[in-house]
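For reference, the structure discussed in these notes is given below.
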Amino acid sequence: MHVLSVSSLKGGVGKTTVTLGLASAAFAKGLRTLVVDLDPQSDVSTGMDIDIAGHLNVADVLASPKEKIVRSAIAPSGWTKGRPGTVDVLIGSPSSINFDGPHPSIKDIWKLEEALAHVESDYDIVLIDCPPSLNALTRTAWAASDRVAVVTEPGLFSVAAADRALRAIEEIRRGLSPRLQPLGIVVNRARVQSLEHQFRIKELRDMFGPLVLSPHLPERTSLQQAQGAAKPLHMWPGDNAQEMSRNFDQLLLRVMRAARMEDPQPAATAAQ
Ligand SMILES: Nc1ncnc2c1ncn2[C@@H]1O[C@H](COP(=O)(O)OP(=O)(O)O)[C@@H](O)[C@H]1O
Ligand SMILES: [Mg+2]
């Protein structure tokens, strides 16, 4: 089971969009996928169309990561109404904010890792949608992760923000979890015609080299449409959605390569 955190120090840059896009790609590929909604805003739970009735949520899990509680906080995504597969959500909650203090204890930091250990054999890949800070929840996510994807827009402060995130990852790797590594930087909302964006992307490349992942994600309305309808991007009609789906397929391949994961349908990626 490979665990990837999707993080950034800022809100609104595309963490949830990247989490949903990768989840959609993993679902299309037939990977058994769990999405953990660690952001108190719970957008990823909404985007994956879950019915929370009768379920616990991530705040209950962080309070007590016992197997029974973990399983009760996991619900199947409504995406599976459209096609079969395993894509589940560890349900988000506004109450998770209570676990996002600035000075978590070591015990608190390992809670999610402890929780995920109970479902280790049920999933191939776990994607964690993180809140936009470096407080306890993000550190809890990273302690449970193999890799972190840092999302950024090609803007004025993107180099500084990405640099801070990478340093923080390194700090956690050294101090707490040697298995943690950056997957790289996902550049979101890139406009190829914008000279400013070209300049900012070059700046990121000069600073971080191959850690800047490709493809960059363009700005596309299909993303917002699929999210608004709580449908997977790969099942959204139109060329625009198809193009974005291919981008997420490529990012997912990068994740799988980092995880040394076998591809269940090597040649079929482009045919979904
Ligand atoms: N590449 C993109 N193209 C179009 N809209 C986007 C793109 N990335 C993000 N958005 C939109 O921008 C808003 C913020 O993105 P979101 O993924 O929720 O950010 P975060 O989770 O980092 O706060 C959402 O409404 C989302 O649909
Ligand atoms: Mg979000």
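Both ligands and their constituent atoms are indexed starting at 1 by order of listing.
From the protein, the heavy atom lying nearest to atom 2 (C) of ligand 1 is L223 CD1, 3.3 Å. Atom 23 (O) of ligand 1 has as its closest protein heavy atom G12 N, 2.7 Å. Scanning the protein for heavy atoms near atom 5 (N) of ligand 1, the closest one is Q224 NE2, 2.8 Å. Scanning all protein heavy atoms for the shortest distance to atom 6 (C) of ligand 1 gives R189 NH2, 3.4 Å. In terms of protein heavy-atom proximity, atom 18 (O) of ligand 1 is closest to T16 CB, 3.9 Å. The closest protein non-hydrogen atom to atom 17 (O) of ligand 1 is T17 OG1, 2.6 Å. Looking at atom 27 (O) of ligand 1, its nearest protein heavy atom turns out to be Q227 OE1, 2.7 Å.
Proximity of N188 to ligand 1, defined as any heavy-atom pair under 4.0 Å, is confined to the side chain (atoms from C-beta onward).
An N or O contact shorter than 3.5 Å is missing between T221 and ligand 1 by distance. Ligand 1 has a nitrogen or oxygen under 3.5 angstrom from a nitrogen or oxygen of G14. Note: no N/O pair closer than 3.5 Å links M244 and ligand 1 by distance alone.
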**Message:** As a quick check of understanding, evaluate salt bridge (charged side-chain N to carboxylate O under 4.0 Å, His left out) for D146 and R179, giving each step before the final call.
**Reply:** CA-CA 6 Å; D146 301 286; R179 86 179 211 261; 2.9 Å; yes
**Chi angles and distances behind the salt bridge (charged side-chain N to carboxylate O under 4.0 Å, His left out) call for E171, R167** = CA-CA 6 Å; E171 206 176 290; R167 280 172 200 269; over 6 Å; no
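Residue S8 places no heavy atom under 4.0 Å from ligand 1. Contact between P218 and ligand 1 is present, with at least one heavy atom of the residue lying under 4.0 Å from the ligand.
The two residues L90 and V70 come nearest to each other via the heavy atoms CD1-O, 4.3 Å.
Residues K81 and D49 are paired through a salt bridge, judged by an N-O separation under 4.0 Å between the basic side chain and the carboxylate. Using a 4.0 Å cut-off between charged side-chain N and carboxylate O, R200 and E203 make a salt bridge.
For the 3.5 Å distance criterion, the side chains of W236 and S24 fail to qualify, holding no donor opposite an acceptor.
Atoms of ligand 1 lying under 4.0 Å from any heavy atom of E219, numbered from 1 in the order shown and given with element: 1 (N), 2 (C), 3 (N), 4 (C). Interface atoms of ligand 1 facing K15, defined by a heavy-atom separation under 4.0 Å, are 17 (O), 19 (O), 20 (P), 21 (O), 22 (O), 23 (O).
Between S77 and F27, the closest side-chain pair of non-hydrogen atoms is not below 4.5 Å. Proximity of I50 to W79: side-chain heavy atoms (C-beta onward) are nowhere separated by under 4.5 Å. Counting only heavy atoms from C-beta outward, the side chains of P264 and M256 approach each other to under 4.5 Å. The shortest distance between side-chain heavy atoms of K29 and L252 falls below 4.5 Å.
For atom 25 (O) of ligand 1, the nearest protein heavy atom lies 4.0 Å away or farther.
Rounding to the nearest 0.5 angstrom, the gap separating the CZ atom in R32 from the OG atom in S121 is 7.5 Å.
For a distance bound of 2.8 Å, the N, O or S atoms of T16 include one lying that close to the Mg ion (ligand 2).
In the candidate list Q41, Q225, R220, R220 is nearest to atom 3 (N) of ligand 1, counting heavy atoms.
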